[in-house]
Amino acid sequence: MKATTQIERDIAFCIDELELTNYQIGELLRATEKLGNIPVEYFCDEFIFDCDRDENEFDRLHDDNYLAIADLNELIDEEDWNGNL
């Protein structure tokens, strides 16, 4: 039995799961190649979010408390910002 290459798995994912056109597949493959040849499925799982499927998942997309700079500033003393980090 022939082992499936990563590019074959990527193309199959683009067709079967994402239902992309040939042009879209090419764009996605080029993007993942530029990012270090990462698998398309990994890229999509980590960086692409489609909230049209389940509106309850919208909170994953937008969280007001995620990386709140004001909260970070409260954690760091004024003198730490002056070069004592």
Side-chain angles (χ1 to χ4, degrees):
M1 184 169 167
K2 180 182 168 188
T4 308
T5 64
Q6 184 60 50
I7 190 74
E8 290 171 322
R9 288 190 296 272
D10 288 343
I11 292 170
F13 181 79
C14 289
I15 294 169
D16 299 337
E17 299 297 324
L18 302 178
E19 300 177 356
L20 299 179
T21 66
N22 288 340
Y23 179 79
Q24 292 169 324
I25 292 170
E27 289 287 301
L28 190 51
L29 291 175
R30 280 187 286 282
T32 56
E33 180 181 18
K34 287 180 182 179
L35 292 170
N37 289 319
I38 62 173
V40 169
E41 185 172 3
Y42 168 77
F43 175 78
C44 292
D45 286 346
E46 293 298 322
F47 302 106
I48 298 176
F49 183 74
D50 180 10
C51 62
D52 291 339
R53 288 190 230 161
D54 184 359
E55 291 181 14
N56 294 327
E57 291 188 5
F58 183 73
D59 289 336
R60 279 185 41 207
L61 177 63
H62 181 74
D63 180 359
D64 289 332
N65 296 317
Y66 181 76
L67 194 60
I69 300 302
D71 293 341
L72 179 63
N73 288 338
E74 289 178 17
L75 294 173
I76 300 175
D77 289 333
E78 179 70 31
E79 70 182 62
D80 288 337
W81 280 111
N82 292 325
N84 296 324
L85 286 175

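Both backbone and side-chain heavy atoms feed into the values below; hydrogens, waters and symmetry mates do not. Residues: numbered from 1 along the sequence shown.
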Looking at Ile15 and Ile25, what are the two nearest heavy atoms and their distance? CG1-CD1, 3.7 Å
Ile38: partners by side chain to side chain contact (heavy atoms under 4.5 Å, CB included), with sequence neighbours left out: Thr32, Leu35, Tyr42, Phe43
Side chain to side chain contact (heavy atoms under 4.5 Å, CB included) with Glu17: which residues, sequence neighbours excluded? Phe13
Can you hop from Ile48 to Ile11 via hydrophobic side chains spaced under 4.5 Å? yes
Charged N to carboxylate O under 4.0 angstrom, Arg30 versus Glu33? no
Quick check for you: to the nearest 0.5 Å, what is the distance between Ile7 atom CD1 and Asn37 atom CG? 8.5 Å
Which atoms form the tightest heavy-atom contact between Cys14 and Leu28, and what is the distance? SG-CD2, 3.9 Å
Would one find more than 12 heavy atoms of other residues, nucleotides or ligands at under 6.0 Å from atom CG of Asn22? no
Just jot down the side-chain hydrogen bond (donor to acceptor under 3.5 Å, both in side chains) partners of Gln24, sequence neighbours excluded, or say none. Thr21
